[in-house]
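Start at 1 with the first residue, then count along the sequence.
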Amino acid sequence: MSVTTAIDRMAEPIGFDIAQGTDETQAALLNGLARGFKHAMPQGAAREMQICYLTALLTSEARQFLVDLVAMCEAES
């Protein structure tokens, strides 16, 4: 099994476990994801396309979480 395959299989369980963790751990996960997106796709158009692809695969629960997260980010701005 490759590292990529292992990551693919473990992404959801790791995310679930991190949600049970501290706010620092949860923020580190999101900060790392955002940094990785910017590094892997420095062009805004490529990043937007990838975001489009992944949003098609989100559950309604994940979508609601992101809506709530964005609302909190906007409230703190």
Residues passing the side chain to side chain contact (heavy atoms under 4.5 Å, CB included) test with Met41, sequence neighbours excluded, are Phe37, Ala46, Arg47, Gln50
d(Met49 CE, Gln43 CD) to nearest 0.5 Å is 13.5 Å
With sequence neighbours left out, the residues meeting side chain to side chain contact (heavy atoms under 4.5 Å, CB included) with Thr22 are Glu24, Thr25
Crowding at CD, Glu61 (>12 non-hydrogen neighbours, <6.0 Å)
no
- CZ of Arg63: more than 12 outside heavy atoms within 6.0 angstrom? yes
Side-chain heavy atoms nearer than 4.5 Å, only ILVMFWY residues, links allowed to pass through others: does that put Leu29 and Leu69 together? no
Closest non-hydrogen contact found for Leu58 with Ala62 is CD2-CB, 4.0 Å
Distance col, row Thr4:OG1 vs Asp8:CG, nearest 0.5 angstrom, shows 6.5 Å
Residues passing the side chain to side chain contact (heavy atoms under 4.5 Å, CB included) test with Ile14, sequence neighbours excluded, are Met10, Ile18
